[in-house]
Structure formats: C-alpha cells, structure tokens
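Report on the following structure.
Small disclaimer: the values here were computed from a predicted structure and weren't measured. Lettering of chains follows the sequences in order, A, B, ..., and the numbering in each one begins at 1.
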Amino acid sequence: MQAKLSVRNVYKIFGDTPAAALERLRQGESKAAILEASGATVGVQDASFEVGEGEIFVVMGLSGSGKSTLVRMLNGLIPPSSGEILIDGEDIASCSPQTLRRIRREKVAMIFQHFALFPHWTVVGNVAYGLKVKGMGAAERRARAMETLEQVGLAPWADSLPSDLSGGMQQRVGLARGLATGPQILLMDEPFGALDPLIRRQMQEELLILQKTLKKTIVFITHDLNEALLLGDRIAIMKDGQLVQTGTAQEIVTAPADDYVAAFVADIDRGRVFTAEDISGPPTAVQLHSDTPDQARRLMEDADSHALHVVDGERLVGLVTYKDLTAQSPDAMGRPGTLRQALITDFATTDGNAPLHTLYTDAGSGLPIAVTDGRKRLVGVVQPRDVLAQLSTETQAPTTEATDAQPR
Amino acid sequence: MLSPADLATLPFDDWVNAFVRGWLVPNFRPAFRAAQVPVTLVLNNLNAFLLFVPMLLTTAAFAAVAWRVVGSGMAIFTLVGFAFIDMIGLWPETMTTLAMILTSVIFCAVIGIPLGILSARSDRMWKVMRPVLDIMQTIPSFVYLVPIVMLFGVGMAPGIIATIIFALPPIVRLTNLGIRNVRSDLIEAAHAFGSTGWQMLWDVQIPLALRTIMAGLNQTLMLALSMVVITALIGAGGLGLVVNTGLGRLDVGGATAGGVGIVILAIVLDRITQGLAEKAKVGRVSLGRSLLGLLRFQGSGGSGSGAQIKKAG
C-alpha cells in the first residue's frame, strides 16, 4: 500500500514563543515545566504516521489529547510548529497559500463533529459548497450535489434547511458535502460524536458500506475505542499530544504498548475486535461414508469435545454429537448405527472474518460452529467455550497498575 | 491655592482656531466642497423623487411594506399617520426629511459596513476604529457643527454630513460584532473547503451576520432621525426647520406639529427596519430574496390577494 498521507515528526505548540518552547521540549523538559516557564502549551508532540491509499486510519484519544489539533494540521487549518505533512509528496506545512487552497479544494475534505452546516442554505446548497468554491456553475454543481445526496440517501430532502433535519441526517449532509468535490482524502473529526448511540452505530455501518465502493483515504478521529476498533484498518492511540501506539485493532487489544492503552482496552467489546478465524481450531471432521461412529467418538475423546463435523468428500454436510452416537443401538438386523443416522443437518456456519459478537447466539446452542470458506468447505471449527473464553480474557498488562492509568 | 493653571495656561482654543481657520479651511475647503458633491447628488434626486410621487402613492407603498414585514396593525398606523401629516400641511417637509434621512443612511451603510467588515477581520483595525467610534458617539454634535459650516458651508448637504458623523458608529460596531460572532466552526468549514477571503465574506460571513447588520442599520436610522432638528440649525430644511422656526417664534403649535411629524416618521421607519432585521433571521434567506419578496408583494398587493400575502409573511 502506497502512503497517501505521511506525517513526519509534527509538533504543535500554542503560545507566543513556539520556537523556544520547541527547543525546551526537544531537550526533554516536561510539558508542565514548559508551560510554567514560557506559557506555551504543547498540543501535539512528535507525531509520525503514514496512511495508505484507501485505508481508514483512526486516531483515538480523550478530550485534550491533541487529536483535533492533529487532524486540523492535516489540511492546514492549524499550521504545525515543526515537521512535515505530505499529501502525495506535497508538504502542507510549508506550501504557499495558493497551493494549500488547491489541495483543500481538490484533495482533502473535512467532516466536522457538530456538522458545521451553513444554516442559511438548503441541504443541496450545503452539499454544493465545495463545488461553488471551486467556481463551478450553478446548474452543474446542483446536479453533482444531487448525485452525492443520492449516495447518502438524502435526495428527497435536498431543498430543506439543515435545521429541519435530525442529527444523523445533518451529518449525512456533512458527509455528502465532503464527498461532493471528489476528494481522495477525508478527514473526519469525531463525525459521529454528537449523535445518539443507535444512530451512531447505523452511521458507522453505513460508512463502512460506502467505503467499500468509495475507497477513500480516511483519517477518522474518535474518543470511542469501540468505534475505533470497528472502523479502523489501523488505529493510533493518542495521549497528551503523543501517539502512544499505532497498530491494527487486534495488535492493540492483544499487545497494548503501555498501561494507558491497557486500561483502555480492558473494557472494550472484544466481540467486535476478534473474528471467528482468530479463535478457530483445526478443521477436524469425519467422512460420512468411510468413517464409523466409533472412530468419530475416539476423535472427540482425543479433542475433548462433544460434537464433530461431518464431511462428504469436501462438502460439509452436518455434525454428530457424542451423546447421539453413544445412544445409538444396533438396528433390528444387529448392524451397528451409522453416522448418517445420527447426523444433525441443521448446524451453524460462519465466515472467517465474521466478528465474534455475531457468534454469540450460535455459541449458545452448545454446538461447535463451522468456519467455512467461499466454497463452503470446512476451514476451521469454533468451539463455543472458546468464544466465551476469548470474551473474558484479561489483557496482558498488570491490572493493578492499569487502574492507576485509568483514563479520566 | 496652587493649581496647574498658575504655572502655565494652555491656549487650547487658540490652537484649535489656528488649526481649523488657519490651515484646514484655506487649504482643504475645495476638497471638502468636492466631497459633498455625491451627497448633494443623492439627496437632490431622492428629494425630487419623493416630492414628485403623489402623497397617496407614497403612503400606499409604505403601508404595503409595513404590512408585509410587520403586520396589518402597522399598516393601518402608517396610513393614519401619513394622512395626519398631510392634513396638518407638513407633507412636503416630511418628504424632505425622509430624503435627508435616507441619504444619510445610504452613506452610513456605504461607509460603515465596509469599515465594520475590516474591523472584524483585523484586530489592529478594530483597535484604531474603536476609540474613533467612541469619540464620534460621545462628542456633542454641536461641537462639530461649527467646523462643518466652515468647511462645507450651510445648507442641506452639510447637515447630512453632520448626520453621517453622528449616525455612523452603530452600523460599524454592529457589522463588526455580527461578523465576529459568526460561528467559528462554520468559518473553519469554509476554510477547509478552500474558500478565499472574498468567498468567505460573501457566502458565509455577511449572510450570517445580516441580522446584526440590519439591527445596526436600524440604530443608524434612528440616530439620523434624532439629528433632524439639530441640522436645521445649519440650514437643513424639512421638519427640523419647522420645529426650529416654531421655537424661534415661541409658536408651540408649529413646533409640536413638526415634532409629531418626526415621531410618526420615526415609528414607521423603525418598525419596518426592525421587521426586516427579524426576517433576516427567521427565514434565513438572503437579503436579495427578502427584497424580492417585498417587490412580489407590492405587485400582488394591487390585486388584493390578502390571504396569500399573510401566508407568505
């Protein structure tokens, strides 16, 4: 993946003498000491990361962690005190105002926490704003804005005023306004933070669906770790202006870099982070025609399980339980029972990428869940007890210290 | 008793005299004379127009606007009030006063709104502007009447220039306030989409500050009205002259008639401009559109489709 956006050693210092404060910071003085001495506040300290084309990069941090400052530096709304911000190799931090305007008009769009819709314009007028700034004619920009509104499902409200819409709808307008100019990069500053939980979940899912077709490079700011884990291809955790850890959701949950991150991930919904694949075991199964019930029972005893999948050639046909096989009695002619007689054909299957929380119901039945590939072949088996075990796993960092670093 | 005056006395009044009479007037009188040309031009045309239009038509137009932007009560007040003015024989004077006020307000808007915008965009500009506005608002208007007469002479135009000085501060202050109060996230959004300064101003700042700017315009209008009597002292005509003449002759009746005329005009203009300011907020449509709405009303008002108008209002 090619880096669309790279941020290199970016600092932001608020105050009258940023250069002096920067020098002190580089010499290792603490932020509190710098504030005391020069009155300068450190907003972002030595942030470096790269975002690949088509990737959703989530920056997660609590209020005051500098995440909003960071995202505003990416399109030059706040100029960095030091460092480079490269979009396709062009440095936002040092380019001319004309270049910056061109980049903002053509490459980078922003979506705001409180929507920031213009109250004096209709929905379609808002969506067309970026096009108007570019100098597009009225008829053409309305047509383009309508197309974008279709995408977010708001075309019927094109001529309403933003204040007539609900929060979720307003943010869709914000999203459409960002998408209308056809930018390659979307900066989303806590876009769903002001929405109620139900709408937020819905918007998150819609964003993921949209992203499948749009393939934008997205920098997404949030204070909600669950949101970060759900949306982010990669996640950066930010604390006091510094990036504490950058990695995929699984990396962050399984190997938190420090107590701060550990404290965060301690109470996240692990069911949304891990997938069926992460906890599945080897695809053990018996052949419907060639294997006997006895062989199946032995396999189960070895694996310490009470049910086993049955395949016919490569095709998964069902499963048998230890209990059913044991209860089988020879038929009237004295022949032993067959696998076919004990076969349960109503069984649960799942995709390897399915998040764990989608397996709760199936795990509740007590039977193992088959992980299948695109051609319905058995590639793994998820034991119900593993689903529950994964959900209750403690993170690796010591919990006592983690409590001290509890986020405010 | 020791006082600073024992040590030295400053001939401050002589200094001012020397400055104004000795330097400003001889050197710059032609320049100031030339500066009043546009004022005279606008004023004369407006005055001629208002005196030319029949009283009933003017009254009907004002009543219609009052109905459109305020309500039927105000429209009736306008009809009765203007009819009263006409019946006490002060219609031409009222129209002259109206022309003077409109001229002052037009120039205040032309000068004051850009100054307010500049003040809002630059803290340095506002630092300079603020004490100037403070002085303009606190200095008694009689003080600058004398130099104005010296520089511009007597008559209508100097009266309007004095009115402009007196009535300018609120429109500057409120334009500045309105633009500074535009939500910062909207400014940020406009920046994020790559707006230039002008695009920001036209598309975002002015439309969103419009209501406050209109309130400033209303204040300016009211101050201009309050100068009517004072400017009559330096030769401006209209209702102010009627009041002054009444005072000079101890003619209580005449002075009161002029005063009543001013009050009626003041109420009508105040309510209409306040109504326009309210509209700038409630409808949240552009000024152009609300003005267009007014025109449309006046068109349909003739055919008497009252129900439709009420709904539109």
Side-chain angles (χ1 to χ4, degrees), chain A residues 68 71-79 92 97-122 125-136 141 160-164 173-174 177-181 183 185-190 194, chain B residues 113 117 120-124 127 174-175 177-215 217 276-293 311-312:
Chain A
S68 287
V71 75
R72 275 165 178 71
M73 288 197 283
L74 301 183
N75 64 353
L77 284 178
I78 297 179
I92 295 290
Q98 286 77 20
T99 312
L100 183 59
R101 251 198 312 270
R102 180 177 54 73
I103 291 173
R104 284 172 178 173
R105 287 179 183 187
E106 287 166 12
K107 284 193 180 167
V108 190
M110 193 161 183
I111 289 141
F112 297 85
Q113 182 179 9
H114 297 289
F115 325 136
L117 300 178
F118 301 113
H120 56 301
W121 283 332
T122 58
N126 268 283
V127 174
Y129 180 68
L131 304 170
K132 187 178 184 185
V133 168
K134 275 184 171 182
M136 189 183 278
R141 67 172 187 252
S160 314
L161 286 170
S163 54
D164 298 336
V173 178
R177 182 174 65 178
L179 292 173
T181 53
I185 301 175
L186 284 181
L187 304 178
M188 307 182 82
D189 180 20
E190 296 198 45
Chain B
I113 293 176
I117 290 169
R121 301 194 128 202
S122 145
D123 283 338
R124 197 173 296 168
K127 256 183 196 149
L174 283 160
T175 302
L177 182 74
I179 288 188
R180 280 178 189 262
N181 279 357
V182 171
R183 271 163 50 197
S184 59
D185 62 330
L186 298 181
I187 301 293
E188 199 172 47
H191 272 306
F193 282 93
S195 299
T196 60
W198 281 109
Q199 286 175 326
M200 173 86 74
L201 189 64
W202 286 117
D203 291 341
V204 180
Q205 290 179 312
I206 289 183
L208 291 173
L210 195 62
R211 186 172 179 238
T212 317
I213 296 174
M214 291 297 281
L217 206 65
L276 281 176
E278 281 303 312
K279 273 208 164 356
K281 180 213 168 196
V282 177
R284 273 171 312 189
V285 288
S286 67
L287 182 62
R289 249 162 92 183
S290 41
L291 289 178
L292 210 71
K311 201 178 150 208

Can you tell which part of B/Leu186 gets under 4.5 Å to a heavy atom of chain A, answering side chain, backbone, both or neither?
both
Less than 4.5 Å apart, any side-chain heavy atom of A/Met110 and any of B/Glu188?
no
Could you look at A/Arg102 and say if it's the side chain, the backbone, both or neither that has a heavy atom under 4.5 Å from chain B?
neither
Any B/Pro207 side-chain heavy atom under 4.5 Å of A/Trp121 side chain:
no
Part of A/Phe118 lying under 4.5 Å from any heavy atom of chain B:
both
Nearest non-hydrogen partners of A/Gly130 and B/Phe193, listed with the distance:
CA-CD2, 3.9 Å
Taking side chain to side chain donor-acceptor pair (under 3.5 Å) as the test, write out the residues that go with A/Asn75, two or more places apart.
none
Most chain B-contacting option - heavy-atom pairs closer than 4.5 Å, from A/Leu100, A/Leu117, A/Leu187
A/Leu117
Exercise: identify the closest heavy-atom pair between A/Arg177 and B/Ala189
NH2-CB, 4.0 Å
Counting distance only, does the side-chain N/O of A/Arg104 pair as donor-acceptor with the main-chain N or O of B/His191 below 3.5 Å?
yes
Looking only at non-hydrogen atoms, find the nearest pair between B/Thr196 and A/Arg101 and report the distance.
CG2-NE, 3.5 Å
Side-chain heavy atoms of A/Lys132 within contact of B/Gln199, under 4.5 Å
no
Pairwise distance CZ(A/Arg105) to OG(B/Ser195) - rounded to 0.5 angstrom
7.0 Å
